[in-house]
Number of protein chains: 2
Amino acid sequence: MTRPFTREPTVPSTSPHQLGRRERQIMDAVYRLGRATAADVLAALPDPPSYSAVRAMLRILEEKGHLRHEQDGPRYVYRPAADAGEVGRSAVKHLLSTFFNGSAAQAVAAILGEARDGLSDAELDRLSSLIDAARAGEEDR
Amino acid sequence: MTRPFTREPTVPSTSPHQLGRRERQIMDAVYRLGRATAADVLAALPDPPSYSAVRAMLRILEEKGHLRHEQDGPRYVYRPAADAGEVGRSAVKHLLSTFFNGSAAQAVAAILGEARDGLSDAELDRLSSLIDAARAGEEDR
DNA sequence: AGCACTATGCTAATAAATTAGCACTCACGT
DNA sequence: ACGTGAGTGCTAATTTATTAGCATAGTGCT
């Protein structure tokens, strides 16, 4: 027998929580969007299932405690239950340990390589000063 | 009804491929380890199932094309089928777009914040020069 | 030879994720 | 008043992931 072959091998996930593929895909979308309705999420998926399926997932993810919703008029607007910054940091940590042998320098290098053109002078300056700060922080230890 | 509640909400995943939770957990372990036997993987899991289960997962992941194995004497040694660097970059990209609004600067800031103490002077120097390189690269455009 | 250990091959059972579908409500326009 | 569209509530079916278990082979030891 051959397995269903789990679709595009190059679509990464990088999200927290130990969830099924759809669940994580949807969590990712909500993280990206910040706050989103079922329709928003549906539109954000490259691989969209039915509208119903998305709603069901959202409901389940809320049941599991990963999402919250507030009512905006007639519709539900979902957002992550956990603090986004927290989750992002946690994802970074995991990324480091999984792909970069825990080396922040290596990871930053990869990011800079990846982004190269997307960086403004202002951002580069900001990064420089962050590094200086890290250097300083290291001294008094 | 209440859902099984998908365990520690703070264990992130950050790995590529759209897989089930165990599958991804195991892929992550293999990425971290580079090459690993079933026993290695088992030992690397914080949440270990049975040895049998791990073996089955590895077999399936290979069937799906995510892993390869070579025989080392009596045992199988698994390694990722895809180029690790490739996958790492892809994971970074996804991390950026999901949690940092596509902003490399923001992500780097998060990493530096996370790593803070783990950075040697040499690494900091290396990062500085990477940034300078990016600055230079931007000029001639 | 027989035992313990570690490995794989394979299969079947269970749990979980994923999907679609239908019923209902509310608001709005005709 | 009625149809239409966009929303939710809920459930049942299916597919996939996950697990454990048993049979078998080799190796080394006593």
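The chains referred to below are lettered A, B, ... by the order of the sequence lines, with proteins before strands, and numbering in each begins at 1.
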Separation of [X] atom [atom1] from [N] atom [atom2], in whole Å?
| X | N | atom1 | atom2 | result |
| --- | --- | --- | --- | --- |
| B/His66 | D/dT16 | NE2 | P | 13 Å |
| B/Asp47 | D/dT19 | CG | P | 8 Å |
| A/Asp72 | D/dA6 | CG | C1' | 14 Å |
| A/Leu67 | D/dT8 | CG | C1' | 16 Å |
| B/Leu58 | D/dT19 | CG | P | 12 Å |
| A/Met57 | D/dT15 | CE | P | 16 Å |
| A/Gln71 | D/dT8 | CD | C1' | 9 Å |
| B/Gln25 | D/dA17 | CD | P | 15 Å |

Salt bridge (Lys or Arg N to Asp or Glu O under 4.0 Å): which pairs involve residues 99-115 of chain A, sequence neighbours left out?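 Every pair satisfying salt bridge (Lys or Arg N to Asp or Glu O under 4.0 Å) with a residue in residues 99-115 of chain A: A/Glu114-B/Lys93.
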Does A/Lys64 place a side-chain N or O at less than 4.0 Å from the phosphate oxygens OP1/OP2 of C/dA17?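 The answer is yes; a side-chain N or O of A/Lys64 sits under 4.0 Å from OP1 or OP2.
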Would you say D/dG7 has OP1 or OP2 under 4.0 Å from some side-chain N or O of A/Arg75?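 For D/dG7, OP1 or OP2 has a side-chain N or O of A/Arg75 closer than 4.0 Å.
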So, B/Asp72 side chain and B/Arg75 main chain: donor-acceptor pair closer than 3.5 Å or not?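 Looks like no, no N/O pair under 3.5 Å.
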For the pair A/Gln25 (side chain) and A/Arg22 (backbone), establish whether a donor and an acceptor sit closer than 3.5 Å, ignoring hydrogens and angles.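 A pair under 3.5 Å: no.
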Going by number, which of residues 32-42 of chain B have a non-hydrogen atom under 4.0 Å from DNA chain D?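 Within residues 32-42 of chain B, no residue comes under 4.0 Å of DNA chain D.
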Out of C/dT8, D/dT8, C/dT18, whichever nucleotide has its closest atom nearest the side chain of B/Tyr76: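 Within the option list, the nearest is C/dT8.
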Taking only residues two or more places apart in sequence, or in another chain, which ones meet A/Arg55 in a side-chain hydrogen bond (donor to acceptor under 3.5 Å, both in side chains)?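 Expected list: none.
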With side chains defined as the heavy atoms from C-beta onward, is the minimum distance between B/Leu61 and B/Val30 less than 4.5 Å?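 They are not in contact (no side-chain heavy atoms under 4.5 Å apart), so the answer is no.
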Any salt bridge between A/Glu23 and A/Lys64, counting N to O under 4.0 Å?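 Looking at A/Lys64 together with A/Glu23, the answer is yes, because their closest N to O distance falls below 4.0 Å.
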Anything under 3.5 Å between a protein N or O and an N or O of nucleotides 20-24 of chain D, put it in a table, one pair a line.
{"from": "D/dA20", "atom 1": "OP2", "to": "B/Ser50", "atom 2": "N", "distance (Å)": "2.9"}
{"from": "D/dA20", "atom 1": "OP2", "to": "B/Ser50", "atom 2": "OG", "distance (Å)": "2.7"}
{"from": "D/dG21", "atom 1": "N7", "to": "B/Ser52", "atom 2": "OG", "distance (Å)": "3.1"}
{"from": "D/dG21", "atom 1": "O6", "to": "B/Ser52", "atom 2": "OG", "distance (Å)": "3.1"}

Enumerate donor-acceptor pairs with a distance under 3.5 Å from any side-chain N or O in residues 34-43 of chain A to protein atoms, sequence neighbours excluded.
{"from": "A/Arg35", "atom 1": "NH1", "to": "A/Glu70", "atom 2": "OE2", "distance (Å)": "3.3"}
{"from": "A/Thr37", "atom 1": "OG1", "to": "A/Ala39", "atom 2": "N", "distance (Å)": "3.4"}
{"from": "A/Thr37", "atom 1": "OG1", "to": "A/Asp40", "atom 2": "N", "distance (Å)": "3.1"}
{"from": "A/Thr37", "atom 1": "OG1", "to": "A/Asp40", "atom 2": "OD1", "distance (Å)": "3.4"}
{"from": "A/Thr37", "atom 1": "OG1", "to": "A/Asp40", "atom 2": "OD2", "distance (Å)": "3.2"}
{"from": "A/Asp40", "atom 1": "OD2", "to": "A/Thr37", "atom 2": "N", "distance (Å)": "2.9"}

Would you please name every residue forming a ring-ring contact (aromatic ring centres under 6.0 Å, His included) with B/Tyr76, sequence neighbours left out?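 B/Tyr76: ring-ring contact (aromatic ring centres under 6.0 Å, His included) contacts with B/His69.
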Side-chain heavy atoms nearer than 4.5 Å, only ILVMFWY residues, links allowed to pass through others: does that put A/Val108 and B/Leu124 together?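 Linked, A/Val108 and B/Leu124 end up in one cluster.
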